[in-house]
Amino acid sequence: MEWVDRLTVLVIGPGLGRDSKVQEIAKLVIQQCRDKNKIMVIDGDGLWTVEQDPSLIKGYGNVILTPNVNEYSRLCKSVLGEGKVHLADLANTLGVTIVKKGEHDIISNGKQEIICSDEGGQRRCGGIGDVLAGCIGCFASWSSMNPTINPQNPSEEALSPLVLAAYGGCSLTRHASKEAFQQYKRSMVAHDILQFIGPQFNEHFESESSM
């Protein structure tokens, strides 16, 4: 898998499926990324892969998991044997960063925790999680090279790059989905969000000094 060397971040899981052969390939890709110290964002059926074998990512800090409520419960049972576990405990046990998606997105690496409560669209259609995973992956590539302050409390120590990346991805996806919903209302689908990613990034993240 020489192509792995050319990448800084891999998003694994959206559209993957649970076919046994595909799952075996996913395991190989995860192991290759780990061997080559690559950042991974794992979502969707990639989380299923991890649930079946948590040792794939346990103790590897360059991972962001993005479970919804059901995926989170299954992950807790797989790792700690029970369905309701505090997010920080699960993140600390695995040694990774986790985005627990919900009404508010809660992000933790076991040591730092931050909540993204920006207003999003009123329709939670399938595929928004895929958009989120991609946005987090992009921010992860950038933030790993640019440590910064805690956006919710500047007096605190700097957030880890992956916690910051997860926060940025959550915030951007929420702002873009809000704009998409305002235009398309109840007919909005995940694809409609994409056209608002660029404008919302410029509005909420771009600074004059970087333009």
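Both backbone and side-chain heavy atoms feed into the values below; hydrogens, waters and symmetry mates do not.
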D43 and D130: side-chain contact (heavy atoms from CB on, under 4.5 Å), yes or no, with the steps?
CA-CA 7 Å; D43 182 51; D130 298 353; 3.6 Å; yes
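- Minimum interatomic distance between A190 and V131 (heavy atoms only, all atoms of both residues): O-CG2, 4.2 Å.
- The environment of NE2 in H191 is sparse: at most 12 heavy-atom neighbours from other residues, nucleotides or ligands sit within 6.0 Å.
- Looking only at side-chain heavy atoms (C-beta outward), L16 and W48 stay at 4.5 Å or farther from each other.
- Under the 4.5 Å side-chain contact rule for hydrophobic residues, I25 and V4 share a cluster.
- At least one side-chain heavy atom of R174 sits less than 4.5 Å from a side-chain heavy atom of D105.
- Rounded to the nearest 0.5 Å, atoms CG (L90) and OG (S108) are 9.0 Å apart.
- Here CD of E51 is found 8.5 Å from OG1 of T49. Values are rounded to the nearest 0.5 Å.
- Between K101 and I128 the shortest side-chain heavy-atom distance does not fall below 4.5 Å.
- Here the side chains of Q52 and R18 are not in contact, with every heavy-atom distance at 4.5 Å or above.
- The two residues C135 and I197 make their nearest non-hydrogen contact at SG-CD1, 3.8 Å.
- Heavy-atom neighbours of R74 CZ from other residues, nucleotides or ligands within 6.0 Å: above the threshold of 12.
- Partner T66 forms a side-chain contact (heavy atoms from CB on, under 4.5 Å) with one of V99, V11, T97, I107 and no other, that one being V99.
- Expressed to the nearest 0.5 Å, how far CG of L132 lies from CG of L172 amounts to 9.5 Å.
- Checking side-chain atoms of K38 against main-chain N and O of D5 turns up a donor-acceptor pair under 3.5 Å.
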side-chain contact (heavy atoms from CB on, under 4.5 Å) between Q122 and M188: does it pass, once the steps are laid out?
CA-CA 10 Å; Q122 296 179 40; M188 184 192 88; over 6 Å; no
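- Here the side chain of E179 pairs no donor or acceptor atom with the backbone of Q200 at under 3.5 angstrom.
- No side-chain heavy atom of F196 sits under 4.5 Å from any side-chain heavy atom of F181.
- Checking side-chain atoms of N37 against main-chain N and O of R34 turns up no donor-acceptor pair under 3.5 Å.
- Looking at D45, its side chain does come within 3.5 Å of a backbone N or O of G17 through a donor-acceptor pair.
- Here the closest non-hydrogen pair linking A140 and I39 is O-CD1, 3.9 Å.
- With salt bridges taken as basic N to acidic carboxylate O contacts below 4.0 Å, none links R123 and D192.
- Between L65 and L94, some side-chain heavy-atom pair lies under the 4.5 Å cut-off.
- Summarising the geometry of I115 relative to H104, their closest heavy-atom pair is CG2-CB, 3.8 Å, with the distance given to 0.1 Å.
- Judged by distance alone, with hydrogens and angles left aside, the side-chain atoms of S177 form a donor-acceptor pair with the main-chain N or O of G121 at under 3.5 Å.
- Taking hydrophobic clusters as Ile, Leu, Val, Met, Phe, Trp and Tyr residues chained together by side-chain heavy-atom distances below 4.5 Å, V22 does not share a cluster with I57.
- How far CG of N109 is from CG of L164: 11.5 Å, rounded to the nearest 0.5 Å.
- Contact detail for E71 and P67: the closest heavy-atom pair is OE1-CA, 3.4 Å.
- The minimum heavy-atom distance linking K58 with T93 is given by the pair CE-O, 3.4 Å.
- Taking a cutoff of 4.0 Å between a charged side-chain nitrogen and a carboxylate oxygen, E24 and K27 qualify as a salt bridge.
- Within the 3.5 Å criterion, the main-chain N or O of V69 finds no donor-acceptor partner in the side chain of S73.
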Start with the C-alpha gap between V63 and V50, add the side-chain angles, then the distance that decides, and say whether side-chain contact (heavy atoms from CB on, under 4.5 Å) holds.
CA-CA 11 Å; V63 171; V50 172; over 6 Å; no
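- A donor-acceptor pair under 3.5 Å links the side-chain atoms of Y72 to the main chain of V85, judged by distance alone.
- One finds the NZ atom of K36 at 14.5 Å from the CG atom of N62 (value rounded to the nearest 0.5 Å).
- C170 SG to I136 CD1: the interatomic distance, rounded to the nearest 0.5 Å, is 4.5 Å.
- Looking only at side-chain heavy atoms (C-beta outward), L28 and Q31 stay at 4.5 Å or farther from each other.
- A 4.5 Å side-chain heavy-atom check between L159 and I114 finds at least one atom pair inside the cut-off.
- When atom types are taken as modelled, the side chain of S171 and the backbone of Y167 share no donor-acceptor pair closer than 3.5 angstrom.
- Using cut-offs of 30° and 60° on the angle between ring planes, the pair F201 and F205 is parallel.
- The only option from L56, I30, V29 that meets the side-chain contact (heavy atoms from CB on, under 4.5 Å) definition with M40 turns out to be I30.
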